[in-house]
Amino acid sequence: MAPLYTAAVLGYASVRWLKAFSDEQCAGINHFVALYAVPVLIFHMVSTNDPYHMNQRLIAADTLQKAVMLLALTAWAFWSHFRRRGRRRDGKAEKQSSSAASSPIKWVVTNFSVASLPNTIIMGVPLLDGMYGSVSGELMKQIVVMQFCIWYNVVIFLYEFMAARDGTAKISPAVPAETADENHDRSMVDESGGSSIHRHAADRSSHHQVVVNIEITEVAAAAAVASTTTAPVDGAAAAKELGAEDDGDANKVAVDLPPPTPVQPQVPSVMHVVWMATKKLLQIPNTYASFLGLIWSLMAFKIGFSMPKIVGDSLFIIYTTAVGLSMFASGTFIARQSRFVPCGYTIASLSMLLKFLIGPVIMLLASLAIGMHGTLLHIAVVQAALPLAVTSFVYAEEYKVHADIMSTGVILGIFISLPVTIVYYILLGL
C-alpha cells in the first residue's frame, strides 16, 4: 500500500507545489500508460496464465457477477432514457446540471467499473495470500486475465461507442461563401448610411460589392441595356462615375440577402455507431495485447515452450511502469482539481457504498448460485471488496468520462479496503 501512495503523492506534489508538469504533459503521461504500459502488462498477464487449468467455478461466479451488474445498469440506462424522452414529449422543462444531464451510458460504465473491476494483482495477491495462503495468488491472476480479455474490452467499447455517437452527431452548420462575403461587405457601409464603394475604387475591379445603393443598381441596369446598342463601357470607370453622382445622397438602402437556413444535426443510426465503435476497438493496443497473449498462452502451455529471455526482459521494463505511472497520473489529476475530492463527498460516499457493499453482496449471491463454498467462496467475496483498479482511472482520464470519480475511487478505496476486507474475512469465517 505504501508504494502506491508514494507514487500518487509524488505526482500530486509535482503539479500542486513544484509546478513541474503542465496539463499537456500530465495528459501525455496518462496517454503513455494507456497506449504502451497497460497493453504490455495485459500481454504479460494473459500470456503467463495457464488457460487449461483455470478454476471454472470461480470464473463462472465472477462472470455472473459482472454480467448481472452490467445488465442491471443497462436496464436502468434504458429506463432513464425513455423517461427523459417522455418528459420532453410532455413539454416539461428540465433544468439539469452538466453531471445530471450526461448520458446514462457514462454512468453505466462508471458504476460498472467501480463495482466490478477490483485491484486484484497489486492489492489482492499480497492481501489474500496472507489470509488464505499461496493458492489465492493463482486464483487472483485468473480473475485478472478475464478482466483484461473480456471486461476491459467491454468498457473500452462503451467509451468508443459514446465517442463515435457524439462525434458523428456534431455536424457544424454549413455557411455559404457568399454569406461570408456579404457579411464582409456589409461592414463596409459607413455610419452616415453611404456606400463605401467610392472609398475603395482601386479594389472594385476584383471585389464584388454585395451592399449597394438602390439608385446605383437601377442606373447600372439601365446602363447595361444601353450597352447592347452602344460601344462597351469600362466597368470600373462607370462605377466610379455612378459613385460620384450619388455622393451627396443620404438615403442609401442596403440589399440584404436572406440568412442561410441552418443545417440540422443528423442523428446517426445505432448500428452505424456500433460499427464505428467496433472498428475503433479493433485498432487499439489493448485488444491486440489481450488476444495475442491468449494465443501465446494457448500454444505455450499446450506445446510446452517459454518466451525468449530477451523478449521477456524487454517486456518487463515496460509493464513494471504501468502501476507506478498510473498512480502518479492519478496524483497529478487530483492536484489539478480545485478540491481534494473532485467528485464531491456525496458521490464519493455513494461510489464507496457501491464498491464495498453492493459489489461484494452480488458476488456472494452469484457464488452461492454457482455452488461455491468454503475457502473458494471466501476468496471470491473478499477479492470483490478490493479497491478500484487503477487501470479504470487511466481509461476514464483518456476518454474524459468521470475521471474525478475514478481517481477518488482509487485513492480513497485503497485507504478503506484494508479494514473492509478484514471485516469480510471475519464475517465469512464465522
Side-chain angles (χ1 to χ4, degrees), residues 1 4 41-42 45-46 48-51 53-70 111-152 154-155 322-323 326 351-393 406 409-410 412-430:
M1 186 181 298
L4 296 177
L41 177 63
I42 291 175
M45 296 300 301
V46 176
T48 56
N49 176 70
D50 187 357
H53 296 87
M54 298 180 70
N55 192 296
Q56 297 180 0
R57 286 193 175 186
L58 178 63
I59 298 302
D62 181 70
T63 303
L64 181 60
Q65 184 238 11
K66 291 176 171 58
V68 168
M69 288 293 303
L70 188 59
N111 292 333
F112 175 76
S113 300
V114 170
S116 305
L117 299 178
N119 192 340
T120 309
I121 290 297
I122 304 302
M123 292 289 296
V125 170
L127 186 62
L128 273 74
D129 189 48
M131 292 179 176
Y132 300 105
S134 60
V135 66
S136 61
E138 190 64 28
L139 296 176
M140 293 300 97
K141 189 175 183 179
Q142 296 175 14
I143 292 178
V144 170
V145 168
M146 295 301 296
Q147 289 181 4
F148 283 150
C149 289
I150 299 177
W151 300 110
Y152 275 120
V154 171
V155 169
V323 177
S326 298
S351 64
M352 293 299 103
L353 182 68
L354 184 65
K355 171 72 254 179
F356 296 112
L357 181 60
I358 297 179
V361 168
I362 295 179
M363 187 65 189
L364 174 63
L365 297 177
S367 301
L368 293 175
I370 296 298
M372 293 172 55
H373 58 275
T375 303
L376 189 61
L377 173 65
H378 299 176
I379 292 176
V381 175
V382 172
Q383 66 85 26
L386 294 171
L388 176 64
V390 68
T391 311
S392 299
F393 163 76
M406 296 298 190
V410 171
L412 293 184
I414 296 176
F415 271 120
I416 301 174
S417 65
L418 184 59
V420 169
T421 51
I422 292 177
V423 169
Y424 277 113
Y425 174 76
I426 295 174
L427 292 178
L428 291 170
L430 295 177

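Bear in mind that the values here come from a model prediction, so they are computed numbers and not experimental data.
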N/O donor-acceptor pair under 3.5 Å between Thr421 side chain and Leu418 backbone: yes
Kindly say whether Leu386 contributes a backbone atom to a donor-acceptor pair with the side chain of Lys355 at under 3.5 angstrom? yes
Step-by-step side chain to side chain contact (heavy atoms under 4.5 Å, CB included) determination, Gln142 to Asp50: CA-CA 9 Å; Gln142 296 175 14; Asp50 187 357; over 6 Å; no
Closest heavy-atom pair and its distance - Gln147, Pro118: NE2-CD, 3.1 Å
Any side-chain heavy-atom pair of Val382 and Tyr132 under 4.5 Å: yes
State the CE-CD distance between Met131 and Gln383, to the nearest 0.5 angstrom. 12.5 Å
Can you tell me how far CE of Met363 sits from CG of Leu368, rounded to the nearest 0.5 angstrom? 10.5 Å
Sub-4.5 Å side-chain heavy-atom contact between Ser113 and Trp151: no
Answer whether the closest heavy-atom distance between the side chains of Met140 and Asp129 falls below 4.5 Å. no
So, Ser136 side chain and Leu128 main chain: donor-acceptor pair closer than 3.5 Å or not? yes
Arg57 (side chain) donor-acceptor with Gly371 (main chain) under 3.5 angstrom: yes
Please report the shortest heavy-atom distance between Tyr424 and Pro360, naming the atom on each side. OH-CB, 3.6 Å
Using 0.5 Å steps for rounding, measure from the CD1 atom of Ile362 to the CG atom of Leu357. 9.5 Å
Reported OG1-to-CG distance for the pair Thr63 and Leu58, which is rounded to 0.5 angstrom: 9.0 Å
Can you check side chain to side chain contact (heavy atoms under 4.5 Å, CB included) on Tyr152 and Ile42, steps first, answer last? CA-CA 10 Å; Tyr152 275 120; Ile42 291 175; 5.8 Å; no
Pairwise side-chain contact, Ser351 with Met406, heavy-atom cut-off 4.5 Å (strictly under): no
Are Glu138 and Asn49 close enough, and set up right, to give a side chain to side chain contact (heavy atoms under 4.5 Å, CB included), and what steps lead you there? CA-CA 9 Å; Glu138 190 64 28; Asn49 176 70; 3.9 Å; yes
Would you say the side chain of Lys66 lies within less than 4.5 Å of the side chain of Leu117, judging by non-hydrogen atoms? yes
Asn55 side, atom CG; Ile143 side, atom CD1 - distance, nearest 0.5 Å: 9.0 Å
Closest contact, heavy atoms only, Ala61 versus Ala366: O-CB, 3.8 Å
For the pair Gln65 (side chain) and Gly359 (backbone), establish whether a donor and an acceptor sit closer than 3.5 Å, ignoring hydrogens and angles. yes
Kindly give the heavy-atom pair with the smallest separation between Lys141 and Thr48, and that separation in Å. NZ-OG1, 2.9 Å
Leu377 vs Leu364 side-chain heavy atoms within contact, under 4.5 Å: yes
Out of curiosity, Ser417 OG to Asn119 CG, how far, rounded to the nearest 0.5 Å? 8.5 Å
Here the pair of heavy atoms bringing Leu388 nearest to Val410 is O-CG2, 4.0 Å
Can you see which heavy atom on Met372 is nearest to which on Ala380, and at what distance? CE-CB, 3.8 Å
